[in-house]
Structures are given as structure tokens and as C-alpha cells.
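Structure, as C-alpha cells:
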Amino acid sequence: MKKPLLALAAACASAAALFHFPAAAQFAKPDDAIKYRQSAFTLISAHFGRMGPVAKGQAPYDAEQIKANVQLLQTLAALPWGAFGPGTEGGGARAEVWSDEQGFLKAQQRFVQSVDKLAQAAATGELVNVRAAFGDVGASCKACHDSYRQRR
Ligand code: HEC
């Protein structure tokens, strides 16, 4: 009667190991992961981009609207990374995403932190703060793309 229990424990342990890579478990096919992360970037790009005219002074600054949009961006900023699991190479991602995991992780952290700072800036209600923080987020997109996204 002991053996099945042990087998069960072993199965649980390997399931736990699997959960270490949630992306692998979340998507049935690598293509699903690629589509998911591209969709997330599309939304990130839409919610980031719509603040551009305000930051450039080409559209009126509505502090509440910017705050709400940045809040959305904060949620979206967490989404793509779980869809870069092992075996999901491809799409517009460079091989460096998988061969330089630490660098890719750092680029993600820089981005997420800069979005958090943008939220703090938006909370001040001051356009000059929003403008500077918006620029930093844009620089963090570019820094990651320069190393980890294929040129088109
Ligand atoms: C840590 C790295 C990283 C950061 C930060 C990042 N991106 Fe990307 N982005 C990528 C990679 C990698 C791809 C390619 C994904 C794929 O095709 O599999 C991509 C793809 C995209 C795409 C194309 C999506 C599609 O439909 O193919 C857009 C648009 C985009 N990013 C916009 C942005 C914007 C805007 C920001 C910042 C607000 C940003 N990204 C921040 C790595 C990053």
C-alpha cells in the first residue's frame, strides 16, 4: 500500500516542478503563447501610444483620464512575460530571449518599474511629471526591443 502513495508524491513533485514554468502549462500549443504575448503587446502599445499626444502637448491633459489609462497599462505590463516559456521560440522574438534569460528579465523589470513610476507621476496630477515618466517608459520599450525583438 506504500508504493502508490510514493508514486503519487513523486507525481505531485513533478507537477510542482512544472508549475515553475507556468507558461508551458498555460498554453496548449507554442503558437497560442506567441499569439497571447503579441496580443498583450498590441494592447500595451495602444494604451501607451494614446498618451503620446498628451505628453507632447498636442492634446489636452486630463489628469483623471491619464490616471485611469496608466492603471490599465500597469495591469497589461504584467501579461506578456508568462508567454515566453520554454518551447515558445518564434514570432517576432529573437533567440536571445531564451539564450539570455537574465538580460531579458532585467529588461522586463526595468519596464515594469518605469510603468510603476508613471503611475506615481500620474497620481501627482502634474503634466510635467507625466511627460518625463512617459519618456522613461518609452525608452524601456526601446531598450528591450533593441536586444530581444527582431527588426522588421
Ligand atoms: C522586456 C522586453 C520588452 C518590453 C519592455 C517591451 N517589449 Fe514589445 N516586444 C518584445 C518582444 C520580444 C516582442 C516580439 C513578440 C513576439 O512576436 O513573439 C515584442 C513585440 C511588440 C509588438 C508587436 C506585437 C505583434 O502583434 O506582433 C508591439 C506593438 C510592441 N512590442 C510594443 C511595445 C511597447 C509599446 C512597449 C512599451 C510600452 C513594449 N513593447 C515593451 C519585447 C518587449
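All ligand and atom numbering here is 1-based and tracks the order in the structure. What you see is a predicted model, and the numbers here were worked out from it, not measured in a lab.
- For atom 26 (O) of ligand 1, the closest non-hydrogen atom of the protein is T42 OG1, 3.5 Å.
- Those atoms of ligand 1 that come under 4.0 Å of a heavy atom in G91, given as number and element, are 17 (O), 18 (O).
- Scanning the protein for heavy atoms near atom 35 (C) of ligand 1, the closest one is S45 CA, 3.7 Å.
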Under the salt bridge (Lys or Arg N to Asp or Glu O under 4.0 Å) criterion, do K35 and D31 qualify, and how do the steps go?
-> CA-CA 6 Å; K35 245 186 255 167; D31 266 1; over 6 Å; no
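- Atom 8 (Fe) of ligand 1 has an N, O or S atom of H145 under 2.8 Å away, backbone or side chain.
- Taking every non-hydrogen atom of F104 and a distance limit under 4.0 Å, the qualifying atoms of ligand 1 come out as 1 (C), 2 (C).
- Near Q38, meaning under 4.0 Å from one of its heavy atoms, ligand 1 places the atoms 16 (C), 17 (O), 18 (O), 24 (C), 25 (C), 26 (O), 27 (O).
- Close N/O approach between G92 and ligand 1 is found [any backbone or side-chain N/O within under 3.5 Å].
- Side-chain contact, D136 with S114: no donor N or O sits under 3.5 Å from an acceptor N or O.
- Other residues, nucleotides and ligands contribute at most 12 non-hydrogen atoms within 6.0 Å of the CD atom of Q102.
- Other residues, nucleotides and ligands contribute only 12 or fewer heavy atoms inside 6.0 Å of the CD atom of Q71.
- Remark: ligand 1 and R37 share an N or O pair separated by less than 3.5 Å (distance only, no angle test).
- Close contacts between ligand 1 and Y148 involve ligand atoms 12 (C) [criterion: under 4.0 Å to a heavy atom].
- Looking at heavy atoms from C-beta onward, I44 lies in side-chain contact with P80 at the 4.5 angstrom threshold.
- Within the 4.5 Å cutoff, the side chain of V54 has no heavy atoms near those of the V130 side chain.
- The protein non-hydrogen atom at the shortest distance from atom 11 (C) of ligand 1 is F41 CE1, 3.9 Å.
- For ligand 1 and Q108, the ligand atoms under 4.0 Å from any heavy atom of the residue are 1 (C).
- Not close to ligand 1: A143, with no non-hydrogen atom less than 4.0 angstrom away.
- Closest of all the heavy-atom pairs between R37 and E89 is NH2-C, 4.4 Å.
- Closest heavy-atom approach to atom 22 (C) of ligand 1 within the set K106, R149, Q150: this belongs to R149.
- Closest to atom 36 (C) of ligand 1 among all protein heavy atoms lies C141 SG, 2.8 Å.
- Other residues, nucleotides and ligands place more than 12 heavy atoms under 6.0 Å from the CD atom of Q109.
- Taking every non-hydrogen atom of A107 and a distance limit under 4.0 Å, the qualifying atoms of ligand 1 come out as 1 (C).
- Every atom of ligand 1 is numbered from 1 in the order shown, and the set under 4.0 Å from a heavy atom of G90 is 18 (O).
- Below 4.0 Å from some heavy atom of F111 lie the following atoms of ligand 1, by number and element: 5 (C), 37 (C), 38 (C).
- Regarding atom 4 (C) of ligand 1, its nearest protein heavy-atom neighbour is C144 CB, 3.4 Å.
- Between I66 and Y61, some side-chain heavy-atom pair lies under the 4.5 Å cut-off.
- Q26 has its side chain out of reach of D32: every pair of non-hydrogen atoms, C-beta onward, lies at least 4.5 Å apart.
- Linking ILVMFWY side-chain heavy atoms closer than 4.5 Å, directly or via other members, places L76 and I34 in two distinct hydrophobic clusters.
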